[in-house]
Structure formats: structure tokens, C-alpha cells
Amino acid sequence: MINGISINYYILLSAILFIIGSIGVMARRNSIIIFMCIELMLNAVNLLLVSFSTLHNDARGQVFVFFIMAVAAAEVAVGLAILSMIYRNVKSIDTHLLNNLKN
Amino acid sequence: MLAGLLIVFPLLAALLVFMAKGKGARNLALGLSVIQFALSLVALFQLKHNPGSHQLLLNCTWIKSLGINFAVGIDGISMLLILLTTFLVPLIILSSFKNDYEKENIFYGLILLMQMALVGVFMANDGFLFYVFWELALIPIYFICLMWGGEHRAKITFKFFVYTLFGSLFMLLGLIYLYNNSMSIAGTKSWAIQDLINSGRSLGEHQQSAVFWLIFIAFAIKMPIFPFHTWQPDTYVTAPTQGTMMLSGIMAKMGTFGLLKWLLPIVPLGIEKWGGVAIGLSITGVIYGSCIAIVQKDYKRLIAYSSFAHVGLISAGILSATAQGLQGAMLQMVAHGINAVGLFLIADILFRHTGTREIEKLGGIRSMNGNFAVLFLIIMLGAVALPLTNGFPGEFLLINGVFQFSAMAAAFAGLSVILGAVYMLRSYQGIMLGERKDTHNAFGSLDGSDKAVLIIICAAIVAFGVYPKALTDIAEPAIKTLLENIK
Amino acid sequence: MIKLVGLVPLFPLIGFLINGFFGKKLSKSLSGIIGCTSILASFILSLVIFFEARHLPTHSQVVNLFSWINAGALSIPFEFVVDPLSTWFLLIITGIGFLIHVYSTSYMHDDEGFSRFFTYLNLFVFFMLLLVLGNNFLIMFVGWEGVGLCSYLLIGFWFKNTDYNNAARKAFIMNRIGDLGFLLGIILIFVTFGSISFNEVFAKAGTASETTITAIALLLFIGAMGKSAQIPLYTWLPDAMAGPTPVSALIHAATMVTAGIYMIVRSNVFYSISEVASEVVAIVGVATALFAATIGLFQNDIKKILAYSTVSQLGLMFLGLGVGAYSSSVFHVTTHAFFKALLFLGAGSVIHAMGGEQDIRRMGGLAKHMKITFMTIALGTIAISGIPPFSGFFSKDEILAHTYEHSPTLWFFGMIASMMTAFYMFRMFFLTFYGNFRGTKEQLHHLHESPAAMTFPLIVLAILSVVGGLLGLPEFWHMPNFIGEHLEPLIIRKNPSTLPHDTEWMLMGIAVLAAAVTIYVAYVIYRQRNIIPLKEGDKMPGLQKLIYHKYYVDEFYDAVVRKPLDGISNLFYKFIDKQVIDGVVEGVGSTVKGIGGVVKLVQNGEISFYIITMMLSIVFILLFTFLI
């Protein structure tokens, strides 16, 4: 129980967020949206970590979350840079068109 | 110290040459390779007068947790092959002076790099190190063939690379097996050759047989032995002449050397059981290669097949595990290395002067250049193992060794004496004798660098034919130890 | 002086080196002088050594030069042996070699390859001396192959002519076939006795089983077949006549081709032990003698006739060896060297005069144009035909007498062969020197006696051919048989001849009578009736045609050996190598590639597909671990 709310709700929420994120990654073609969905998944995990950290009164989980946020920020910086480069080159960020490595 | 220097020096030389610009690279490479030859002569001097010297050994820890050491050493067997390498590399470099290669500095740098790896292979006393050098030798030659090769080089070089790599992986497997076994019997982690030998000998017959085949395949592909040879003729023909010389003159010796040092003492039971089959394959290759050489039209391809036939005999001699066979193998490795460089240079000279290598289109060159005819003749006689040329003592001892294994096998191996004469004389006659044909350009006088290389090779052919003891004396103690190790 | 025996081959070697390196810069006369003096020096030294060696207490002395090949238990020193046999051959080689060198200075004078010729010739003498001087089988083998090389170089001396080159190559390769047998024999000797030095091996010969000895003896004999042109490896010798005539005289008549006989005499210990091997030698010998003699009957090329005669005479020598008459064979080698060298050089003189013509159908009546050549050839012809008291009579008679003792059948065939010899030799003689000249006018105009440098060797050899018989007078005449006594210490002798004297007289009488009758027949046919052999393309009776075409042996070898070899080689190359073996290799490659081609479809470039797969895999793995 955290502040009177059962841990199950936290788990449920992050599971829903994670599923939304993963479906978004799988189904959408726009790279930016895929990106946002990845963020969503990361944050779902963050939420879970924070809640369990509070539940068990253990700070280690929150340390992890900070790490993840920092890495996510870096990732966004790099990822968006890549995306903007791709856009400049191909005038598109549709992942279906970006399959040159296949051959 | 000296041992380490022999490896480090060509590496530094290669780096220097990589950085050189323009035409200076070739002269620099030649000079450095001559120094390397001088260094190996110093090593020879040490070995003769002070065989136990620390100069000839080097042992540093490399990867401690796996028991891998950078252990190199020079004994009589490796000394001969190091001498062969360091003697041939300057000649190979000199022989290239009339070919204008693009990006010269890289070309010569790669040759020196390969020399480093080859010397390393011959000196390694640590199984892992041996494997590393073994693979390292492949990389420069791969680039040499790929960048300066002839027609279809991409496909042929790829095949060569993958084929030999494929074989080496089996060897790695075998070595790892020995290493693991060594760990379980002695309790220490070590790749040292003596530990691997002990490990191999503790195995039962079945395991030894398995290890024998794993390692033998790698050597058989490298030499090559029938039926693992199909990469060889194409590669020899496509590679630039200097690459071919490195391949057949020295690199093929990696296989025979490996057989001698890394297989013979490790799995005696395996050899006892399967040596006969391996000798059979080798001798099949001798006859098969000689026969094919008879019908070749391209002279370079003819030499490629003849080289294949010669190596088969060496392998058979080693597998016979007799003093004569081993000593013959050492002599023949040196002789074949020298003669192969000579013959491939001749193919190159022919092509440069006349614009073709096809025997049928050539003819009558003797009447245009008598000196070349004589030099060619001497090298050819070396290749057909005429007495008082370097090919003979080796071939005699090899057949002798094989005879002690089986008289029948020796009789078949001896057919190379006849078939060798058939294809060599046929091609010599076709190219040099008769009337001049219109299908090729006139053959002028030889260039200075070509002449120098051919003369040095001819001198070596006669010198080692008349006095092979100079070579056998170097290897004799090491071979004796090796044989005692086996028995 | 015996210690200096190393100098004997060294002189020709020096001559070879000088002429080889500086030949082009030297004048012709200087080249020739160097060539001849080097051999003369060897000859003089050989003479000294010969007489000195006769007084050696042990009959033989070994001179060690250096240690040559060492490998484990095998150690082969480079050493020479001076004993009655080697010194005897030294004399033949250097003596006749010198005469032929002198002859060549004139014969080859107008050839552009003059110094090259002497280079090769000196090299040949060097190797031939190694062959007979070596104290172990391998040194003998060095000389053995070395003379083969020189023979190759000299047969193909005029290298622009493809036929000559083919002949040279054929000689080399056929010799190599024999050499392989020899080499294997040497190895078997080493394996059996642990050494290949003559004295050690022969001392231990009794310890080995007879089968091994037979194997050794037969392998060595294969070598001899190649070098001494015996059935089935004889076809190279007639073709070898492509070389300049002095070469035919020196290499293909007097010295090199007798190396096989030297070898068997040297290892007579083996042959005395092995009855089987001796029998094989005798049968091959007599078969060759007979076979080659029949071919000689219908040849029209003057050198080819002599070539077949050489093959036939060599066969006779092997017959002698086979029946154990070793010293008789050496005797015949000696006399044969005299008269056959003479005949070849004489033929060379004729060819020289005829401007290169070798066909006896276009000669005739040369006697009056070249007296010395005519006289000397006449003496040589009589000597080879076995008319007493010329040298050939004694040596041939000795062999035949021993053969009769061994087997009258072999004797009979040997007798027939020597009758045929007398016939074709006189056929050649009459057709060349008597009757009318049948060549062109220019040739007639050109006819002349050869210069002194050519006639001098002829005269010397003619004298030797006449008196050479004194070297080996029949034992039952109670006269000294010099050669037999000389070689005595080296040869395991059978009991002295057991034939009654009257039988020996009878054999001798038959031989002389037979020769005389044959010569008369030849006389009638070619002198009285002036019958000229048929022209090329004329119809011949079946048997004559068969013989004229040399029994089609070359064609047979071509069909049975050469063509199949080419066929197999092509099969190996085009089918087995390219299709089968490389097919498997490429097959492995393309299989891997094929599998990759299928698997790579999964890698379709759709990120979403990858993620779905990943998710599904994770779910699957989780399920798998939880449920099981």
C-alpha cells in the first residue's frame, strides 16, 4: 500500500502504459511517434521502479530511475539528431522507406 | 631478444614503409628486408655456436587468465624456414621492381607485414600464438591478391580466404580441445607446445584420431593437399606475381611446417592410425597434380599445379616420420621455396616481355636471349630434381622416407620424377626452343633486377645441390629431438 | 697420385666453367683448345692412376672429398673409388673422349654454337667420370642423371629444330623412367643394408634374403635398361642420332650407353646371388640384340644403322652379364667403344663430305673420294662383324662362348644377332663406298676428304679396333687375358670355363664361318647385283614393311602411354578437378549461400517486424521458463 493505493494499480497503470508504448512502436511508421512510444515504455518502467522502491522503502530503485532518465535524455538527443539527418537526406521519416540495409 | 627482434623488426619496417611516399617505398622495403636477412644470419650464427642461448628464446606473459604466453623460440627447424623467408623476401621485393604497382607503399608494407607473421608462425612455441600468427599471415596476402590481382580476383580471393580460414578454424578447435584436456590432466592452464604435446599423448586412440584430422585439415588446405587444393591454382594465377611467390614460396611451407612441429609429436597414435591415409592423399596429389600440369596451357598455372605436386611429396615424407623423410622435407621446403620463386618470376618475365604466358603462343626465345635460356634451364633442372641441384637431395630423402613406410607408395611418389620431367621439359621446349613465333613480342635483354634475382636463385640452386649438408646440419639436432619425442 | 683422383673430373669441370661463362668471348680455337686440353689432362692423369692402382695391395682405394648428404642413419659421403674397374672406364672415357673432342674441333668448326658444344661435351665428361668414380650408388646416380642431362642438351643441340628437340626430350624422359627404377633400387639397398657405399653393401650382400637381392638387382637393371637402351626402353637411342655426330660417337656409342653395363659389373655381387635377375638380364639382352639387329637390316640412314647396331651390341653385352661373363662384357664395352666410335666418326666424316646427307641410298662410290675415311671404316666394319684377328671377334667370341656354356639356346640367338650385324654393317659399307655415286651433282663436286683433325682420331681408333683384341685373348689359348686378370679382384667369378677345348674351337669356327657367309651374301646383293634399297613410298612386302617401320614400337608407345596419359590428365583437369572436387567445394559455398538466402528473408528491414518478433520471442521464452 502506497498512500493507501494498492500496488496493483501501479502495476496495472505501468503495464497499460508499456503496452500502449510497445503497440505504438510496432504499429506506427512515423519515427517520431515510435520515439515517443519508446519514451512511454521507458517511463512505464520508471513508474514501476519508483513504486516498488517506495513500497520496499529502498532507494536503489529510484537511483535506477535517475539513470534511466539520463540515458533516455541522451538517447533522445542522439536519436532526434539522427532523425533530422535522415529527414534532410530522404525527406521522410517513414520507417518503411528506411530499409536500405536489407539489401 | 634476438628472437623478439626478428618479429618486431619486420613489423616496424612495415609501418615505416606504409608511411613512405612514392618510389622510395620499394627501395626502403628492399633495404629493410635485407637487414632482416642479416638479422636472421646473426640468429643462425648464434644457433650454431650457442644453441641454448637466451637470445633465441623469448617468453612473456600475454593473457594470464587463459595461460597464453608470447613464447617464441628458434630451433634448427624453424631456423631454416626463417632463413628461407628472410632470404626470399628481399628477392621477391627486388623481383617486383619492373612492375609498377599503384600505392606502392601499401604493397610493400603488406609484404613486410606478411613476413612478420610468417616468421612468427615459424617461431611460435605457444599454441594460441601460433594460431594468431597463422591467421595474421592471411590478412596481408588477402589484400595483396585483392588489390593487385588479375581477372576475377574478387571471387577467387574470397574463395581462398574463406577456404583457408575454414580450415584454420578446425585447427583452433583441435588446439582448444588439447588445451582443455591439458587443463584437466595437469591442472594448469597452458598453451605451451610441450604441454599440448603431453596433452595430446595422454589421449586415447579415438580422440587422437579426431585431433589429427581437425588439425591436419587446416594444414592440408594451406599446403595444399589433394583434395583440398582447388583454391590454389586459381589463386596462384590471379595473384600478382609477388603475391604468388609469397604464397607458394613461403606460405605453403606453413602447412608443411605445421605438420612437422604441431602435428607429428602431438598425436602419434592418430598418425599411426591415419598417417597411411594422409600419405595416400598426399601421393595422390603428387601424381594428380603432375598429370594436370602436363596439359596446362598457361605457364603460370602449370607451375601452380607443379607446386601442388611438390608439396604433396613433402607432406608424405613428413608423415612417414622417419629421419630421412623429415630431413628431406626440410631440404625440399627450402628448395621448393627457392625454385618456386624462380619459376614464377620466369612466368612474370615472359608475360612482361612477350605479352603472353600461353605455351603454345611462345617459342624460340632461346635464340633471342641465350642467357635467359640458361638461367631458366638451371631453375627448371632444380624443379625436376636433377642431382647437384637443390631439388635432388630433398627428393631422394623424401622418397627414401616414404619407401620406409611403404615401397608401393614410394614407387608412386617416384612417378613425380618422370612426370615432372615430362611437363617441365615440354613447357621449356614450347617456350624457349624451336623457331620464333609471330604470336608474341620479341624478347629483349633482361632487366637488371630480374637478372640479379635469377642469378642469385641459380647460384642457390647449385650451391645447395652440391652441398646440402649446409642445410641439413642446421636442422639435424632439432629433427633428432623431434624423432626422439615421437618414439 | 691416387689421392689426386679428384682432379680427373675436375679438369673437364674447369673446361666446362670456362667455356660456359666466357665461351662467347673466346675465339673458336681457344674454346676448342680448352675443351681438348682439359680432357687430355684427365686422360694423362688417368693413365698414371691406372698403373699406380694396379699395384695397390687391396686393389682399391677410397678418396673422400666431403660429406654430402646426411639424414639420420643415412650418411652419404662424396667420395671416389680407385679400383681396376673404375680406372679401366676412366681410360675409355678420357681416351676416347679426347679423340672425339679433337675430332669435334673440326667437325663443329662452322657451327655458331661452337663453344656451347664444348661446354656441354666437357660437362658430359665430368658427369661420366663421376659416374664411374663414385664410391657409392648415389654418386653413381649423380653421374647417371648428369650424363642424361648432357645427352638431352646435346641431342637438342640444334634447338631450332622441333624434331631434334622432341628426340632430346624423349631421351631424357625414357632415361628418367629407368632412373626411377635405379633410385628405388638405391633406396632399397639403403633400407636393407643401412648404407649405400659399395664396399659396405657388397660385404653384407650375403646377409640379405635372396628375394630382396633379386628385387634390388631388378630395380637396378631397370635403370640400366633406360640408360643402355634395352627393351623396352630402347627407342630413344635411334632418335638420339639427331645430335651432332661426335655426340653420337661419344655419348650414344662409346661411353654413356655403356653405363648400364658398368653398373651391373659394379654390383655383380647381387647378380651372382640372384639367378632370377641374371636370367632376366640375359633374356632381355639377347632379345634386344636380336630385335635391334633385325631393324638394322632395313634402315637407310647411316647413323640410324649404327644406332640400331649399338642397341644390338649393348644387348649382347647384357647377354654376357646375364650369363656371368662380367669381364667379357667389359671387354666388349672396350672394343665396342673403339670400333663404334670409329664408325660413328667415320660416318660423321662421310656426312661432312656429303654436306649433311645421311641417307645411304644417295651415297655410293665414296671410296675413291675419301681414302682415309674409307680405310678406317672398312677396318671398323670388319672389327664389328667379328672377323679374326680384329678386336670385335675376340670380345664377341668370349661372350658367346660363355653363353653357350650357360645355355645353347641363348647362344643360338646371340649368334643370329651377330650374323645380322655383319650383314647390315657390310650392307652399309658397300652402299656407301662402292658402286656409283647416287647423290646430286653439287654433292659430288663437294666430296672431299676430311681435315686432319678429323682423320687423326679415325686412324687412332682404327688401330685400336684392329689390335684391341689383344687385351683379352681367349683363355684356352693359354695366353694372358689382360682384362680378365685386371678385373679379377672385383668380380665374383664363376668357375673357369668348363667347355672342352674342341667345343671352344668349334664355336669359334662357327662364328667366323657364319660371319664370312653373311658378308658374302651382303657382297653379292649390294656389290655384285648393285641392289639399292627401296625408295620412300615404294611398296614393300609385309614383313619388310613391318621391320622398316621399326615394328611400329614408337606408334605403339604413343598409343599405349602418351595418349592415355594426356587423356587421363585432361580428364583429371577438366572433369575431376574442375567439376567434381571444385564442384563439391563450390557446392558447400553455394549451400551456405542458399540457406542464407532463405534466412535473410526474415531480415526484411521492417523495424516493427523485428520488434514484434522480439516481443513474441520474449513472451515465448517467459512462458517456456514459467511453464516448464
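Numbers restart at 1 for each chain; the letters A, B, ... are given by sequence-line order, proteins then strands. Side chains are part of it too, since the values below use all heavy atoms of this structure and drop only hydrogens, waters and symmetry mates.
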Practice item. Determine whether more than 12 heavy atoms belonging to other residues, nucleotides or ligands lie under 6.0 Å from atom NZ of B:K451. Key: no
Practice item. Heavy atoms only: give me the nearest B:P393-C:I69 pair and the separation to one decimal. Key: CB-CD1, 3.7 Å
Review point. Does any heavy atom of chain B fall under 4.5 Å from the side chain of C:V142, the backbone, both, or neither of them?
Key: both
Exercise for review: Determine which residues belonging to residues 472-482 of chain B lie within contact range of chain C, meaning some heavy atom pair is under 4.5 Å apart, and list them by number or answer 'none'.
Suggested key: B:T472, B:E476
**Study point:** Under 4.5 Å from a heavy atom of chain C, the part of B:A470 involved
**Key:** neither
Review point. In this structure, are over 12 heavy atoms from other groups packed under 6.0 Å from B:F158 atom CZ?
Key: no
**Study point:** Flag if over 12 foreign heavy atoms under 6.0 Å of CZ, B:F412
**Key:** no
Review point. Considering residues, nucleotides and ligands other than B:K437, do more than 12 of their heavy atoms fall under 6.0 Å from its NZ?
Key: yes
Review point. Quick one: does C:W68's side chain have a donor or acceptor within less than 3.5 Å of a partner on B:V466's backbone?
Key: yes
Study note, to complete from the structure: Looking only at heavy atoms, the pair that brings B:A323 and C:G72 closest together is CB-CA, 3.6 Å
Check your understanding: Could you state the interatomic distance from CD1 (B:I292) to CG (C:D577), rounded to the nearest 0.5 Å?
Key -> 4.0 Å
**Study point:** Validation row: C:R116, B:V374 side chains within 4.5 angstrom (heavy atoms)
**Key:** no
Exercise for review: Please look at C:D179 and chain B and tell me whether the side chain, the backbone, both or neither of the residue comes under 4.5 angstrom of a heavy atom of that chain.
Suggested key: neither
Exercise for review: Tell me, for B:V162 versus chain C, whether the close heavy atoms (under 4.5 Å) come from the side chain, the backbone, both or neither.
Suggested key: neither
Exercise for review: Mind ranking B:L471, B:L331, B:V422 by heavy-atom pairs under 4.5 Å with chain C and telling me who comes out on top?
Suggested key: B:V422
Practice item. Could you walk me through whether C:Y152 and B:L381 pass the side-chain contact (heavy atoms from CB on, under 4.5 Å) test, one step at a time? Key: CA-CA 12 Å; C:Y152 166 75; B:L381 294 176; over 6 Å; no
**Study point:** Residue that, paired with B:H229, satisfies side chain to side chain contact (heavy atoms under 4.5 Å, CB included) out of C:I581, C:D582, C:V585
**Key:** C:I581
Exercise for review: Examine whether an atom of B:Y163 lies under 4.5 Å from a heavy atom of chain C, and if so say whether it belongs to the side chain, the backbone or both; otherwise answer neither.
Suggested key: side chain
Point to revise | Which of B:M432, B:M330, B:Q296 touches chain C most, by non-hydrogen pairs under 4.5 Å | key: B:Q296
Review point. What heavy-atom pair brings C:E145 and B:P387 nearest, and what distance separates the two atoms?
Key: OE1-CD, 3.2 Å
Check your understanding: At a heavy-atom separation under 4.5 Å, does C:L184 approach chain B through its side chain, its backbone, both, or neither?
Key -> both
Practice item. Against chain B, work out which of C:V580, C:V584, C:L565, C:I568 has the most heavy-atom pairs shorter than 4.5 Å and name it. Key: C:L565
Practice item. Sort out for me which of B:L419, B:L386, B:I294 touches chain C most, counting heavy-atom pairs under 4.5 Å. Key: B:L386
Practice item. Kindly determine whether B:F166 and C:V588 satisfy side-chain contact (heavy atoms from CB on, under 4.5 Å), including the steps that lead there. Key: CA-CA 11 Å; B:F166 174 79; C:V588 171; 5.6 Å; no
Check your understanding: So which of B:L397, B:L415, B:V417, B:T322 has the biggest tally of heavy-atom pairs under 4.5 Å with chain C?
Key -> B:V417
Point to revise | Contact origin within C:L571 toward chain B - heavy atom pairs under 4.5 Å | key: neither
Exercise for review: Name the option with the most non-hydrogen atom pairs under 4.5 Å to chain B; the candidates are C:L153, C:N161, C:L188, C:I186.
Suggested key: C:L188
Check your understanding: Under the 3.5 angstrom rule, does the side chain of C:R169 hit a backbone N or O of B:R426 as a donor-acceptor pair?
Key -> no
**Study point:** Check: B:Q429 and C:N166 side chains under 4.5 Å, non-hydrogen atoms
**Key:** yes
Review point. How about B:F403 and C:F190: are their ring centroids closer than 6.0 Å?
Key: no
Check your understanding: Taking all non-hydrogen atoms of both residues, which atom of C:S569 and which atom of B:V295 are closest, and how far apart?
Key -> CB-CG1, 3.6 Å
Check your understanding: Which bit of C:I576 is near chain B, if near means a heavy-atom gap under 4.5 Å: side chain, backbone, both or neither?
Key -> both
Point to revise | Proximal component of B:E435, with respect to chain C [non-hydrogen, under 4.5 Å] | key: both
Review point. Among C:N175, C:T162, C:L138, C:I76, who wins on heavy-atom pairs under 4.5 Å with chain B?
Key: C:L138
Exercise for review: Could you tell me which portion of C:I177 (side chain, backbone, both or neither) has an atom closer than 4.5 angstrom to a non-hydrogen atom of chain B?
Suggested key: both
Practice item. Work out which heavy atom in C:R176 is nearest to a heavy atom in B:A385; give both atom names and the distance. Key: NH2-O, 3.5 Å
Point to revise | Structural part of C:L149 lying under 4.5 Å from a heavy atom of chain B | key: side chain
Revision key, fill the gap. C:N70 and B:Q327 have their tightest heavy-atom pair at O-CG, 3.6 Å
Review point. How far apart are the C-alpha atoms of C:E586 and B:K159, what are their side-chain angles, what is the distance that settles it, and do they pass the side-chain contact (heavy atoms from CB on, under 4.5 Å) test?
Key: CA-CA 9 Å; C:E586 297 277 341; B:K159 181 169 164 186; 2.9 Å; yes
Practice item. Select one option (side chain, backbone, both, neither) describing which atoms of C:Y164 are under 4.5 Å from chain B's heavy atoms. Key: neither
Check your understanding: Got C:Y573 and B:C291 here, is their nearest side-chain heavy-atom distance under 4.5 Å?
Key -> no
Point to revise | Rounded distance (nearest 0.5 Å) linking atom CZ of C:F572 with atom OH of B:Y305 | key: 12.0 Å
Review point. Which one of B:Y467, B:Y428, B:F392 has the most heavy-atom pairs closer than 4.5 Å to chain C?
Key: B:F392
